[in-house]
K.L.:
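Structure in structure tokens, see below.
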Amino acid sequence: MKPDSTAQPLSSTPPSPHIGPPQPGKSPTGPPLPGRYKRYATWMIFIVVLVACSIHTNATPYQLIVGLPEMGKLLREMFPPDWSYLPTIWKPMLETIQIAIVGTTLGAILAIPVALLCAYNVMPRKLISLPMRTILNLVRTIPDLLFASIFVAVFGIGPFAGMLALLFFSFGIIAKLTFEAIEAIDPGPLEAMTAVGASRIQVIAFGVVPQALPYFVSYLLYTFEVNVRAASVLGLVGAGGIGLLLDRSLGLFRYDRASIIILLTLVIVLAIDYGSNLLRRKLL
């Protein structure tokens with residue numbers, strides 16, 4: 001007797017009526033409607049705030065279009081650069097680099113203990129960490145040009161005022177970034193060393209420093225790159241460096257000389273950036 005070909009196996013189950021192709025209009029992977037509306041509302045608020053700020057500050061495309069002819073006129077006056085002025089600016093440019101080196105180094109040295117005192121996982125006593133953070137925020141509030149103006153008024157015109165301005169500027173940036181990096185390190189080694197009776201100095205030397213050192217070096221190199229550019233501008237307020245010649249060239253409407261100063265600064269910054277990248281790869 002032949003088996004019935006139309007008979008279903010005993011183990012088979014009828015298909016569920018709820019299984020089928022996804023219905024149109026339903027997105028199984030999309031966010032729920034409340035979340036989607038919240039995202040749209042956030043973008044709308046951001047656009048409204050951006051447009052309102054642009055209108056209030058006259059930062060509109062119309063202002064840019066109106067200023068394009070003047071920008072073109074200024075660029076025509078800057079080229080060709082006055083290459084005969086190049087020997088004159090070598091010494092001030094070297095002074096600018098020296099200001100950046102000394103200011104960055106001293107600022108980084110001062111930032112190390114302050115960063116350790118600001119980090120809650122190293123200094124849990126808020127009576128110490130909170131005042132240090134307040135002082136650090138105060139230093140970071142003052143821009144480098146204002147620091148330079150203050151020190152020029154105190155110590156007179158020259159590179160010493162510029163060095164002090166970059167010292168405080170570097171101190172604020174490096175200390176802020178370093179203590180945030182310290183708070184983000186792995187707490188496991190610190191807890192293990194504390195459990196076996198290590199002192200606070202030993203925990204910092206063998207648990208905190210090895211983990212935070214790569215970040216500190218990276219922040220130090222980045223700040224040095226920023227300070228070379230900043231030192232070029234500090235001379236506008238009398239803080240020494242190439243900025244003095246740049247201010248003089250702009251005041252005399254010698255845009256061809258200002259052009260060669262800008263080009264030399266660009267070359268120096270690119271060379272420092274390339275060298276710091278090589279050093280960062282070897283150290284990190």
Side-chain angles (χ1 to χ4, degrees), residues 49-50 52-54 56-59 63 67 89 92-115 117-118 129-181 215-251 258 261-262 264-266 268-270 272-273 276:
V49 171
L50 180 63
C53 294
S54 300
H56 183 72
T57 57
N58 291 328
Q63 296 292 332
I89 63 178
M93 178 58 71
L94 180 61
E95 184 179 79
T96 298
I97 299 174
Q98 293 169 345
I99 292 173
I101 292 175
V102 177
T104 306
T105 303
L106 296 181
I109 294 174
L110 293 178
I112 295 174
V114 174
L117 293 176
C118 289
S129 59
L130 285 180
M132 296 304 298
R133 289 193 178 200
T134 303
I135 295 174
L136 184 58
N137 290 331
L138 178 62
V139 172
R140 291 173 52 247
T141 302
I142 304 175
D144 52 352
L145 279 176
L146 183 54
F147 270 129
S149 301
I150 294 173
F151 291 129
V152 165
V154 174
F155 299 102
I157 297 176
F160 183 70
M163 185 275 297
L164 289 178
L166 292 185
L167 186 154
F168 281 91
F169 177 72
S170 304
F171 164 75
I173 292 181
I174 297 176
K176 169 68 173 178
L177 296 176
T178 303
F179 92 73
E180 290 181 349
Y215 300 100
F216 175 79
V217 173
S218 178
Y219 300 147
L220 174 64
L221 294 176
Y222 168 74
T223 306
F224 175 63
E225 297 172 16
V226 174
N227 282 343
V228 172
R229 294 188 289 268
S232 303
V233 182
L234 294 182
L236 297 177
V237 294
I242 196 65
L244 289 172
L245 294 182
L246 180 61
D247 183 46
R248 185 183 306 169
S249 300
L250 294 175
I261 294 174
I262 294 172
L264 180 60
T265 305
L266 175 62
I268 296 296
V269 169
L270 291 177
I272 292 175
D273 180 68
S276 63

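Values below: every heavy atom of this structure, side chains too, minus hydrogens, waters and symmetry copies.
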K.L.:
Side chains of residues 94-109: which donor-acceptor pairs under 3.5 Å do they make with residues two or more places apart or in other chains?
P.N.:
residue	atom	partner	partner atom	Å
Glu95	OE1	Gly241	N	2.8
Thr96	OG1	Pro92	O	3.0
Thr96	OG1	Ile242	N	2.7
Thr104	OG1	Ala100	O	2.6
Thr104	OG1	Asn227	ND2	2.7
Thr105	OG1	Ile101	O	2.7

K.L.:
According to salt bridge (charged side-chain N to carboxylate O under 4.0 Å, His left out), does anything in residues 230-240 pair up with another residue at least two apart or in another chain? List the pairs.
P.N.:
none
K.L.:
Under the salt bridge (charged side-chain N to carboxylate O under 4.0 Å, His left out) rule, what pairs show up with a residue in residues 96-109, not counting sequence neighbours?
P.N.:
none
K.L.:
Nearest 0.5 Å please: distance from the CG atom of Leu266 over to the CZ atom of Arg229.
P.N.:
10.0 Å
K.L.:
Under the ring pair (Phe, Tyr, Trp, His ring centres under 6.0 Å) test, which residues partner Phe168, sequence neighbours left out?
P.N.:
Phe147, Phe151
K.L.:
Rounded to the nearest 0.5 Å, what separation is found between the CG atom of Asp273 and the CG atom of Leu221?
P.N.:
10.0 Å
K.L.:
Mind checking the CD1-CG spacing from Ile262 to Leu264? Nearest 0.5 Å is all I need.
P.N.:
11.0 Å
K.L.:
I want to check something: taking the side chain as every heavy atom from C-beta on, are Phe179 and Arg133 in contact at a cut-off of under 4.5 Å?
P.N.:
yes
K.L.:
Could you tell me the separation between the CE atom of Met93 and the OG1 atom of Thr265, rounded to the nearest 0.5 Å?
P.N.:
3.0 Å
K.L.:
With the side chain counted from C-beta on, respond yes when Leu220 and Ile174 share a heavy-atom pair under 4.5 Å apart, and no when they do not.
P.N.:
yes
K.L.:
I'd like to know whether CD1 of Ile150 has more than 12 heavy-atom contacts from other residues, nucleotides or ligands below 6.0 angstrom.
P.N.:
yes
K.L.:
Looking at every heavy atom in both Cys118 and Ser129, which two are closest together, and how far apart are they?
P.N.:
O-CB, 4.1 Å
K.L.:
Which pairs, with at least one residue in residues 163-180 and sequence neighbours excluded, count as a salt bridge (charged side-chain N to carboxylate O under 4.0 Å, His left out)?
P.N.:
Lys176-Glu180
K.L.:
Do you know the tightest heavy-atom contact between Thr223 and Ser170?
P.N.:
CG2-OG, 3.7 Å
K.L.:
I'd like to check the salt bridge (Lys or Arg N to Asp or Glu O under 4.0 Å) partners of Glu225; sequence neighbours left out, ordered by chain and number.
P.N.:
Arg280
K.L.:
What's the spacing between Leu244 CG and Leu234 CG if we round to 0.5 Å?
P.N.:
10.0 Å
K.L.:
Is there side-chain contact between Leu177 and Phe216, with heavy atoms separated by less than 4.5 Å?
P.N.:
no
K.L.:
Which distance, rounded to the nearest 0.5 Å, do you find between the OG1 of Thr141 and the CG of Leu146?
P.N.:
11.0 Å
K.L.:
Which atom pair, heavy atoms only, marks the closest approach of Ile272 to Val228?
P.N.:
CD1-CG2, 3.5 Å
K.L.:
Provide the closest heavy-atom pair for Ala165 versus Ala148 in the form atom of the first, atom of the second, distance.
P.N.:
CB-N, 3.6 Å
